[in-house]
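Report on the structure given below.
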Amino acid sequence: MFDRVHVMGVVNVTPDSFSDGGRFLDQTSAIDHSLKLAEEGADIVDIGGESTRPGAESVDTAEELRRVIPVIEKVASEGVIVSVDTTKSEVALAALEAGAAIVNDVSGFKFDPKIATVAADSGAGIVVMHMKGEPRTMQKDPHYDDVVAEVRKELLDMADKALASGIGREAIALDPGIGFGKTTEHNLQLLRWNTTLVDDGFPVVVGPSRKSFIGLTLDLGVEERVEGTAAVVAWLVATGAHVVRVHDVKEMVRVVRMTEAIKKS
Ligand code: HH2
């Protein structure tokens with residue numbers, strides 16, 4: 001399916017993202033950072049204009065378009081593969097027209113089902129991610145009887161929806177949504193059983209980067225989670241994930257290549 005694990009670099013053109021909020025809000029710094037991530041080895045640069053951190057308020061469509069479209073246009077024109085991190089079909093459509101190749105929908109078509117049609121009509125790749133609830137409230141006591149089985153089933157249902165909308169099987173990737181309506185233990189369980197999801201035959205994208213389950217496990221703040229992220233990335237490569245979504249691209253490309261070398265030896 002993939003000859004090697006792909007690294008997706010994160011660029012948040014937002015004032016309020018949990019780890020890089022406000023750093024790339026102006027277009028020049030967002031473009032420069034995107035190109036830097038590509039130079040450091042990102043296979044895909046994921047550009048988003050709305051934070052989905054727990055408790056985040058939503059952003060209106062016009063503002064999200066204003067934040068991301070000029071950045072996507074420029075970065076894609078430099079030959080970088082761009083994904084757009086959005087839950088809105090209007091933003092997804094404009095991003096694809098501006099040169100994005102992939103739509104990364106953290107709501108898995110739940111917030112705006114028309115995203116599936118936009119992806120189908122364009123032939124773009126689509127990442128469907130699992131989220132329980134919505135960002136404003138998702139971390140208020142999330143409950144599962146069996147987190148691995150439930151997330152897997154919901155992801156396969158979303159994949160069925162994507163296929164029914166006319167999206168090609170090869171264009172669909174699944175993401176368990178680390179930190180989206182999950183406790184630390186839920187996140188650790190999903191990672192522990194990553195092979196279960198990988199076995200379903202769709203590419204698997206996972207975004208553990210700097211997230212609070214790492215902070216809670218190691219008792220570290222958001223600026224000090226790079227080693228914890230590295231451990232998760234190594235585990236994901238070892239257990240068969242296809243794409244890792246990370247902020248620290250230079251470091252994680254090295255972790256990915258090293259772990260792959262062991263795996264392939
Ligand atoms: N996590 C975040 C955002 N988008 N997309 C996918 N496919 N998988 C993820 O795990 C994922 C995602 C949250 O991280 P970040 O973009 O750094 O923060 P924020 O939502 O605050 O902008």
Side-chain angles (χ1 to χ4, degrees), residues 6-25 30 33-34 37 42-59 63-64 67-68 71 82-88 91-92 95 100 102-111 115 119 124-132 134-136 138-139 151 154-155 158-159 162 172-182 186-187 190-191 194 197 202-215 222-223 225-226 228-229 232-233 236 241-249 252:
H6 283 43
V7 172
M8 177 187 263
V10 181
V11 179
N12 288 311
V13 195
T14 61
D16 57 344
S17 288
F18 79 95
S19 81
D20 58 357
R23 288 189 54 202
F24 311 116
L25 189 53
H33 190 61
S34 301
L37 296 188
D43 300 283
I44 305 160
V45 174
D46 189 40
I47 298 174
E50 177 175 54
S51 173
T52 48
R53 76 183 154 73
E57 293 294 336
S58 54
V59 169
E63 173 62 11
E64 197 179 327
R67 290 180 187 173
V68 298
V71 178
V82 172
S83 58
V84 59
D85 187 347
T86 188
T87 58
K88 299 185 183 77
V91 176
I102 301 164
V103 178
N104 174 24
D105 178 6
V106 298
S107 83
F109 310 134
K110 262 190 261 165
F111 294 175
I115 277 210
I126 176 99
V127 180
V128 284
M129 198 197 79
H130 178 275
M131 173 178 351
K132 194 178 181 80
E134 40 126 3
R136 226 164 28 80
M138 67 191 176
Q139 289 309 107
V151 168
E154 281 185 45
L155 283 173
M158 290 180 209
I172 302 167
L174 305 181
D175 184 329
I178 297 298
F180 286 85
K182 285 128 190 150
H186 293 145
N187 293 315
L190 286 165
L191 294 168
N194 182 46
L197 192 55
F202 291 96
V204 172
V205 180
V206 187
S209 190
R210 302 181 185 171
K211 283 186 178 167
S212 61
F213 79 104
I214 296 173
V222 71
E223 295 302 328
R225 297 178 187 166
V226 67
T229 301
V232 180
V233 167
L236 286 168
H242 303 86
V243 181
V244 289
R245 181 183 182 277
V246 295
H247 302 87
D248 304 288
V249 167
M252 296 312 141

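The analysis underlying the following values was restricted to heavy atoms, covering all of them including side chains, and did not include hydrogens, waters or symmetry mates. All ligand and atom numbering here is 1-based and tracks the order in the structure.
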Calculate, to the nearest 0.5 Å, the distance between atoms CZ and OG belonging to R225 and S212 respectively. 6.0 Å

Can you sort out which atoms of ligand 1 are near V106, meaning under 4.0 Å from one of its heavy atoms? 4 (N), 5 (N), 12 (C)

Have D46 and S83 got a donor and an acceptor in their side chains that come within less than 3.5 Å? yes

Should you measure from each heavy atom of S17, which atoms of ligand 1 turn up under 4.0 Å away? 19 (P), 21 (O), 22 (O)

Does L174 reach the side chain of V128, with side-chain heavy atoms less than 4.5 Å apart? yes

Which of the numbered atoms in ligand 1 are under 4.0 angstrom from any heavy atom belonging to F18? 14 (O), 15 (P), 17 (O), 18 (O), 21 (O)

Would T14 count as being in polar contact with ligand 1, using the rule that some N or O on each side must be under 3.5 angstrom apart? no

Which residue holds the protein heavy atom closest to atom 17 (O) of ligand 1, what is that atom called, and what is the gap in Å? H247 NE2, 2.7 Å

Element-labelled atoms of ligand 1 that are located less than 4.0 Å from some non-hydrogen atom of R53: 20 (O), 21 (O)

heavy-atom search around atom 4 (N) of ligand 1 in the protein gives D85 OD2, 2.9 Å

Within this structure, what is the CG-CD1 distance for the pair N104 and I126, rounded to the nearest 0.5 Å? 8.0 Å

Using a plain distance cutoff, I'd like to know if D16 has any nitrogen or oxygen under 3.5 Å from a nitrogen or oxygen of ligand 1. no

Between the side chains of D105 and S107, is a donor N or O closer than 3.5 angstrom to an acceptor N or O? yes

What is the distance from atom CD of E154 to atom CE of M129, rounded to the nearest 0.5 Å? 11.5 Å

Geometric N/O contact D20 with ligand 1, under 3.5 angstrom: no

Atoms of ligand 1, numbered as shown, that sit under 4.0 Å from any heavy atom of N12: 15 (P), 16 (O), 17 (O), 18 (O), 22 (O)

Look at ligand 1 and say whether M8 reaches it with a heavy atom at a distance under 4.0 Å. no

Just which atoms of ligand 1 are under 4.0 Å from any heavy atom in D175? 6 (C), 7 (N), 8 (N), 9 (C)

Under 3.5 Å between some N or O of ligand 1 and some N or O of E50? no

To the nearest 0.1 Å, how far is atom 1 (N) of ligand 1 from its closest protein heavy atom, and which atom is that? K211 NZ, 3.0 Å

What part of T52, side chain from CB on, backbone N/CA/C/O, both or neither, has a heavy atom under 4.0 Å from ligand 1? both

Gap between atom CG of D85 and atom CG of N12 - 0.5 Å precision: 7.0 Å

Is there any N or O on S19 that sits under 3.5 Å from an N or O of ligand 1? no

For residues R53 and D16, determine if any side-chain heavy atom of one lies less than 4.5 Å from a side-chain heavy atom of the other. yes

Any side-chain heavy atom of L190 within less than 4.5 Å of one from V151? yes

Any N or O on V127 sitting closer than 3.5 Å to an N or O of ligand 1? no

Rounding to 0.5 Å, atoms NZ (K132) and CD (Q139) come to a distance of 11.5 Å

In terms of side-chain heavy atoms, does R210 have a donor or acceptor partner in S19 at a distance below 3.5 Å? yes

Among all protein heavy atoms, pick the one closest to atom 2 (C) of ligand 1 and tell me residue, atom and distance. R245 NH1, 3.4 Å

Distance-only N or O hit between ligand 1 and N104, under 3.5 Å: yes

For the residue pair F24 and H33, does the interplanar ring angle fall in the parallel (under 30°), tilted (30 to 60°) or perpendicular (over 60°) class? parallel

Contact partition for R210 relative to ligand 1, non-hydrogen atoms under 4.0 Å: neither

Ionic contact status for K88 with E50, cut-off 4.0 Å: yes

Atom 21 (O) of ligand 1 - nearest protein heavy atom and its distance: S51 OG, 2.8 Å

Would you say ligand 1 has an N or O under 3.5 Å from any N or O of G207? yes

Using 0.5 Å steps for rounding, measure from the CG atom of D175 to the CZ atom of R245. 8.5 Å

For ligand 1, note which part of M129 has a heavy atom under 4.0 Å away: side chain, backbone, both or neither. side chain

